[in-house]
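Because only heavy atoms are used, hydrogens play no part in the values below, and waters and symmetry mates are left out as well, while side chains stay in.
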Amino acid sequence: MSVIEGIGFHPLLSRRAGMVVYMKLHEYQAKELFGQAGLPVPRGQVCSDVTQAVLAADKFGWPVAIKAQVHAGGRGKGGGVRLAANREEARQAAEAILGMRLVTAQTGGRELVVHRILVEEGAAIQDELYLSILPDRATASLVIIASTEGGMNIEEVAEKNPEKIVRVRVNPLLGLQPCHQRQVAFGLGLTGALFKSFCSLLARLYATVIGNDLLLAEINPLVLTENGEFLLLDAKVEVDSSALFRHGELADLHDPAEMDPLEAEAQQYGLNYIRLGGNIGTMVNGAGLAMATMDLIKQAGGEPANFLDVGGGANAAMIENGFRIILSDGGVRAILINIFGGILRCDVLAEGVVAAARATGLSLPVVVRMEGTNVDKGRRILADSGLELVSAVDLRDAAEKIATIARSL
Ligand code: GDP
Ligand code: MN
């Protein structure tokens, strides 16, 4: 994740499973957005082949920075950012980065194939700062996070030298006031002309966050050049998906190639699926119940592999699709199904589970907790199916059973 881990909240669970779903922009798209807002960004061009990249580099003069465009940070450390001092180096860098499978601390163990690179005029860096703006749920405010220690080791700074991180909260109803700007600028130890230019930069960035419904604007590094100017050298942006209806131009920037392939498939089926990395697959109806289920699995000492809300109106086909997606995650060792039968009746669920188990040749242990409409009929279908399913009396029992099973594997 992009925001300094551990500073605010767990970015994955509290934001994604909290159903505040966001859309990430690529760096070049974010810089275009910021450039249009009058923020200082380097000149650059996005390229998808080597020849085009060399031509672009020629235009900017030397050195140029060549940067992988993927939806993850940590590219510098992973070999996805290179400086080139001449045409030959630019060619080599473009050849090395285009098509590479980039794994960084932020790709969650996945390899991201680089389809595009950003070729950018090089900056003469004097100082690397950190600046981000994002909502803080706990205080229902926007928080500005800044540090003089920007650059590739910001996570380490946050952990070992938290005093070097400045945080200023802004009530979104009152908006960014001059006192907030000064607080951040003082926190960064700025004086004189830099103090002033930083304050106006911050004001523009804040206005861009509000104007575009961004859930994250992270500039790392915000550099101070040798000419004494600020420059947004990197830019990470997440847009609130629920607000995309009023930002058609941002919605068009969606890049499905960057999505987790299973999440993309689930989206096609209309399923709300988020991969989490544990070994207990979960299938639940309703986002709130799904979150409670994951909490209980964690409390019982287990690790959920995914969040999957099949929705209140799910049918047997959707259950089967959900099953297929859970099973496509190679890390899943056991499955917990937790359904409260309301609109989705328990007998329909049971039929879906049985059909899916047969169709997929299921061999993993499955714990089922079912309550609600037609529950007896549902239980009978499961019992008569000949499948080895463990049934649970309630949610806590289900979580404990599945965690015990997962531990024993
Ligand atoms: P990230 O690793 O994915 O966050 O990628 P960044 O865009 O932040 O780049 C990583 C590092 O590369 C930055 O912290 C800079 O130190 C360096 N870098 C990027 N662009 C330039 C540039 O134009 N000139 C110089 N000298 N360094 C650069
Ligand atoms: Mn960066």
TODO: Working to the nearest 0.5 Å, report the span between OH of Tyr206 and CD of Gln181.
DONE: 10.5 Å
Task: 4.5 Å side-chain heavy-atom contact, Thr404 and Ile402 - done: no
- [ ] Please report the shortest heavy-atom distance between Gly80 and Ile97, naming the atom on each side.
- [x] O-CD1, 3.7 Å
Task: Under 3.5 Å donor-acceptor, Asn227 side chain and Glu229 backbone - done: no
Can I get a per-line list of side-chain donor-acceptor pairs under 3.5 Å for residues 29-38, giving both atom names and the distance, sequence neighbours left out?
{"from": "Gln29", "atom 1": "OE1", "to": "His26", "atom 2": "N", "distance (Å)": "2.7"}
{"from": "Gln29", "atom 1": "NE2", "to": "Leu253", "atom 2": "O", "distance (Å)": "3.3"}
{"from": "Lys31", "atom 1": "NZ", "to": "Glu27", "atom 2": "OE2", "distance (Å)": "2.7"}
{"from": "Lys31", "atom 1": "NZ", "to": "Glu120", "atom 2": "OE1", "distance (Å)": "3.3"}
{"from": "Lys31", "atom 1": "NZ", "to": "Glu120", "atom 2": "OE2", "distance (Å)": "2.6"}
{"from": "Lys31", "atom 1": "NZ", "to": "Leu233", "atom 2": "O", "distance (Å)": "2.7"}

Task: Verdict with reasoning, Phe195 to Leu188, per side-chain contact (heavy atoms from CB on, under 4.5 Å) - done: CA-CA 9 Å; Phe195 187 98; Leu188 291 173; over 6 Å; no
Task: Any donor-acceptor pair under 3.5 Å from Lys164 side chain to Ser147 backbone - done: no
Task: Trace of the salt bridge (Lys or Arg N to Asp or Glu O under 4.0 Å) decision for Asp394 with Arg396 - done: CA-CA 6 Å; Asp394 59 25; Arg396 187 171 296 280; over 6 Å; no
Task: CD1/Ile343: more than 12 non-hydrogen atoms of other groups inside 6.0 Å - done: no
Task: Met318 and Leu271, any side-chain heavy atoms less than 4.5 Å apart - done: yes
Using a 3.5 Å cut-off and no angle test, enumerate the donor-acceptor pairs between side-chain atoms of residues 332-341 and protein atoms at least two apart in sequence or in another chain.
{"from": "Arg333", "atom 1": "NH1", "to": "Gly330", "atom 2": "O", "distance (Å)": "3.1"}
{"from": "Asn338", "atom 1": "OD1", "to": "Arg369", "atom 2": "NH1", "distance (Å)": "2.9"}
{"from": "Asn338", "atom 1": "ND2", "to": "Thr293", "atom 2": "OG1", "distance (Å)": "2.9"}

Task: Side chain to side chain, Pro40 and Leu232, heavy atoms closer than 4.5 Å - done: yes
Open item on the list: Looking at Arg110, is its backbone amide N or carbonyl O close enough to the side chain of Thr107 to form a donor-acceptor pair, meaning the two atoms are under 3.5 Å apart?
Closed with: yes
Task: Flag, side chain of His247 to backbone of Leu244, donor-acceptor distance under 3.5 Å - done: no
Open item on the list: Pairing donors with acceptors under 3.5 angstrom, does anything connect the side chains of Tyr28 and Arg116?
Closed with: yes
- [ ] Begin from the C-alpha positions of Leu201 and Leu39 and carry the test side-chain contact (heavy atoms from CB on, under 4.5 Å) through to its verdict.
- [x] CA-CA 7 Å; Leu201 181 149; Leu39 286 155; 3.8 Å; yes
Task: Pairing residues for Arg169 by the side-chain contact (heavy atoms from CB on, under 4.5 Å) criterion, not counting sequence neighbours - done: Asp136, Thr139, Ser141, Val143, Arg167
Open item on the list: For the OG1 atom of Thr148 and the CG atom of Leu224, what is their distance to the nearest 0.5 Å?
Closed with: 12.0 Å
Open item on the list: Run the side chain to side chain donor-acceptor pair (under 3.5 Å) test against Arg358 and tell me which residues pass, sequence neighbours left out.
Closed with: none
TODO: Quick one: list whatever passes side chain to side chain donor-acceptor pair (under 3.5 Å) with Arg204, sequence neighbours left out.
DONE: none
Task: More than 12 heavy atoms from other groups under 6.0 Å of CZ on Arg407 - done: yes
TODO: Check for a donor-acceptor pair, side chain of Asn272 on one end and backbone N or O of Ala287 on the other, with a separation under 3.5 Å.
DONE: no
- [ ] To the nearest 0.5 Å, tell me how far Asp213 CG sits from Met23 CE.
- [x] 12.0 Å
Open item on the list: Checking Asn153 against Lys160: is there a side-chain donor and acceptor pair closer than 3.5 Å?
Closed with: no
Open item on the list: Whether the Glu265 and Tyr273 side chains hold a donor-acceptor pair (N or O, under 3.5 Å, no angle test) is what I'd like checked.
Closed with: no
Open item on the list: With rounding to the nearest 0.5 angstrom, report the NE2 to CD distance, His71 to Glu258.
Closed with: 5.0 Å
Open item on the list: Would you say that Val46 contacts Ile117 through its side chain, given a criterion of any heavy-atom pair below 4.5 Å between the two side chains?
Closed with: no
Open item on the list: Just so I know, are the side chains of Leu214 and Glu238 near enough to count as touching, which here means a heavy-atom distance under 4.5 Å?
Closed with: no
TODO: Say whether, by atom type as modelled, one donor and one acceptor occur between the side chain of Glu128 and the main chain of Ile125 under 3.5 angstrom.
DONE: no
Task: Expected output: side-chain Glu303 to main-chain Gly277 donor-acceptor under 3.5 Å - done: no
- [ ] Tell me, with the steps shown, if Asp234 and Arg75 meet salt bridge (Lys or Arg N to Asp or Glu O under 4.0 Å).
- [x] CA-CA 11 Å; Asp234 189 10; Arg75 297 163 304 168; 3.1 Å; yes
TODO: For residues Leu205 and Ala217, report the shortest heavy-atom separation together with the two atoms involved.
DONE: CD1-CB, 4.3 Å
TODO: Show your working on side-chain contact (heavy atoms from CB on, under 4.5 Å) between Val348 and Arg345 and close with a plain yes or no.
DONE: CA-CA 5 Å; Val348 173; Arg345 304 188 323 257; 3.5 Å; yes
Task: Check: Gln106 side chain, Gly73 main-chain N or O, donor-acceptor pair, under 3.5 Å - done: yes
Open item on the list: I'd like to check the side-chain contact (heavy atoms from CB on, under 4.5 Å) partners of Ser197; sequence neighbours left out, ordered by chain and number.
Closed with: Leu194, Phe230
Open item on the list: Are Leu327 and Leu362 packed together at the side-chain level, in the sense that at least one heavy-atom pair is separated by less than 4.5 angstrom?
Closed with: yes
Open item on the list: If I compare all heavy atoms of Ala406 with all of Asn279, which pair ends up nearest, and what's the gap?
Closed with: CB-OD1, 4.0 Å
- [ ] Heavy atoms only: give me the nearest Asn306-Met294 pair and the separation to one decimal.
- [x] O-SD, 3.7 Å
Open item on the list: For a quick test of reading the model, state the closest non-hydrogen atom pair linking Asn171 to Leu173 and the distance between them.
Closed with: OD1-N, 2.8 Å
- [ ] Evaluate the side-chain proximity of Tyr130 to Ile165: yes if any heavy-atom separation is below 4.5 Å, no if none is.
- [x] no
TODO: Determine, stepwise, if the pair Val70 / Val113 fulfils side-chain contact (heavy atoms from CB on, under 4.5 Å).
DONE: CA-CA 8 Å; Val70 291; Val113 180; over 6 Å; no
Open item on the list: So for atom CD, which belongs to Glu388, do other residues, nucleotides or ligands contribute more than 12 heavy atoms lying within a distance under 6.0 Å?
Closed with: no
- [ ] Verify, without hydrogens or angle tests, whether Asn161 (side chain) and Glu163 (backbone) share a donor-acceptor contact under 3.5 angstrom.
- [x] no
Task: Main-chain N/O of Gln52 paired to Asp49 side chain as donor or acceptor, under 3.5 Å - done: yes
Open item on the list: Measuring from atom SG of Cys199 to atom CG of Leu190, what distance do you get when rounded to the nearest 0.5 angstrom?
Closed with: 8.0 Å
Open item on the list: To check you understand the geometry: which heavy-atom pair defines the closest contact between Cys346 and Glu371, and what is its length?
Closed with: SG-O, 3.4 Å
Open item on the list: I want to check something: taking the side chain as every heavy atom from C-beta on, are Arg275 and Glu263 in contact at a cut-off of under 4.5 Å?
Closed with: yes
Task: Among Lys59, Lys67, Arg43, the one residue meeting salt bridge (Lys or Arg N to Asp or Glu O under 4.0 Å) with Glu121 - done: Arg43
Open item on the list: To the nearest 0.5 Å, what is the distance between CG on Asn285 and CE on Met370?
Closed with: 11.5 Å
